[in-house]
Number of protein chains: 2
Amino acid sequence: MAKALKPTNDAVEILHRRTYEGRPARMKNLEEARANEQIALKIQELRAAAALTQTQLAKLIGTTASVICRLEDADYEGHSLAMLRRIAAALNRRVEIRFVPIRRSA
Amino acid sequence: MAKALKPTNDAVEILHRRTYEGRPARMKNLEEARANEQIALKIQELRAAAALTQTQLAKLIGTTASVICRLEDADYEGHSLAMLRRIAAALNRRVEIRFVPIRRSA
DNA sequence: CAGTCTATTCGCAATATTGCGAAAGAGCAA
DNA sequence: TTGCTCTTTCGCAATATTGCGAATAGACTG
């Protein structure tokens, strides 16, 4: 029968537990949801700053308004780098990606 | 600025030369290709900094080594936010996305 | 040399994202 | 009210990304 927590000095195993098993997936989803929300908001802001309607921006990047609307929905979870870049390019910007260290309090 | 070949120990510069020289097809989407390349490199760096093998990182995010290898390929064009976040989370980081204005001068 | 660990490439199925039209809601002005 | 513009939601097909094993190559050690 399996031990609840088998002894290990395998750093990978330990980190895996910490990341996926020991923790409710809720936290990760929360952070992700927040991030998605911010992306949606950012797209909205960029479009507004450029004084474009959803239809206009859609045409700029070669898609339709419903797609833009979906991207600006705070609950949308399907953001992709490809799409963000298309929008950025249309608005004369580039997508900068950084891996920022997280401070895990206690 | 001079674009003539000069001695360099800048890894990005070296990789850039190796990737683009003699491949005019790339010049079209140069910026995007370069961005993908930097992402690949960044993943490699993060993994190395964490002292992980591809297999170990793969297990951390619940996939296989071949997937990690693909992500670290400078020619890979399929980078997604979802995957970047999984990697970031495993390495105790978060993905920060910014739309930065493009300076086309000079 | 064999053995081990790591990295890379390939092919295809499974899943996720995008494309797109149609319909309807919201707001505003005449 | 009607008309107009913009936005939002829905469903499904088309495309893109991921999962994953197997095979290969490279580096290193004894």
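Below, read A as the first sequence line, B as the second, and so on, with proteins coming before strands; counting in each chain starts at 1.
A heavy atom lying under 4.0 Å from DNA chain C marks the following residues of residues 81-91 of chain A, by number: Met83(A), Arg86(A). If you check residues 50-64 of chain A against DNA chain C, the residues with a heavy atom closer than 4.0 Å are Gly62(A), Thr63(A), Thr64(A), listed by number.
Rounding to the nearest 0.5 Å places CD1 of Ile87(A) at 4.0 Å from CD1 of Ile43(A). Separating the CD atom in Glu77(A) from the CD atom in Glu37(A) is a distance of 11.5 Å, to the nearest 0.5 Å. Ile39(B) contributes atom CD1, which lies 7.0 Å from atom CZ of Phe99(A) (distance to the nearest 0.5 angstrom). With rounding to the nearest 0.5 angstrom, the CD atom of Gln38(A) is 11.0 Å from the NE2 atom of His79(A). Leu91(B) CG to Leu52(B) CG: the interatomic distance, rounded to the nearest 0.5 Å, is 6.0 Å. Between the CD atom in Glu31(B) and the CZ atom in Arg94(A) there is a gap of 8.0 Å [rounded to 0.5 Å].
Qualifying salt bridge (charged side-chain N to carboxylate O under 4.0 Å, His left out) partners for Arg47(B), counting only residues two or more places apart in sequence or in other chains: Glu72(B).
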Open item on the list: Let's go through Arg85(A) and Asn36(B) carefully: what are the C-alpha distance in whole Å and the side-chain angles of both, what is the deciding distance for side-chain contact (heavy atoms from CB on, under 4.5 Å) to 0.1 Å, and is it a yes or a no?
Closed with: CA-CA 11 Å; Arg85(A) 283 189 187 146; Asn36(B) 285 330; 3.0 Å; yes
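Of all non-hydrogen atoms in Ala90(B) and Leu57(B), the two that sit nearest each other are CB-CD1, 4.4 Å.
Out of dT7(D), dT8(C), dC20(D), the shortest distance to the side chain of Arg47(A) is found at dT7(D).
One atom, CG of Asp73(A), and another, C1' of dC6(D), lie 16 Å apart when rounded to the nearest Å. Between Leu71(B) atom CG and dT9(C) atom P the separation is 13 Å, expressed in whole Å. For Tyr76(B) and dT8(C), the OH to P distance is 15 Å, given to the nearest whole Å. Distance, Glu72(A) CD to dT18(C) C1': 16 Å, rounded to whole Å. As rounded to whole Å, 15 Å separates atom P of dT9(D) from atom CD1 of Ile68(A). In this structure, Ile39(B) places its CD1 atom 12 Å from P of dT17(D), rounding to the nearest Å. Rounded to whole Å, the distance from CZ on Arg70(A) to P on dC12(D) is 14 Å.
The side-chain heavy atoms of Lys59(A) and Thr55(A), taken from C-beta on, include a pair separated by under 4.5 Å. Arg98(B) has its side chain within reach of Arg98(A): a pair of non-hydrogen atoms, C-beta onward, lies under 4.5 Å apart. Side-chain contact check for Arg86(B) versus Val95(B): every heavy-atom pair is 4.5 Å or farther apart. You'll find the side chain of Glu96(A) stays beyond 4.5 Å of the side chain of Ile97(B), heavy atoms only.
Under 4.0 angstrom from either OP1 or OP2 of dT18(D) there lies at least one side-chain N or O belonging to Ser80(B).
Axis angle, first five pairs versus last five pairs of the helix from dC1(C)-dG30(D) to dA30(C)-dT1(D): 30°, rounded to 10°.
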Open item on the list: Please encode protein proximity along nucleotides 23-30 of chain D as a string of B, S and -, counting only heavy-atom distances under 4.0 Å.
Closed with: --------
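If His79(B) and Ser66(B) are placed on DNA chain D by their nearest nucleotide, the residue sitting closer to the 5' end is His79(B).
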All N/O donor-acceptor pairs, side-chain side in residues 61-71 of chain B, below 3.5 Å, sequence neighbours left out:
from	atom 1	to	atom 2	distance (Å)
Thr64(B)	OG1	Ser66(B)	OG	3.2

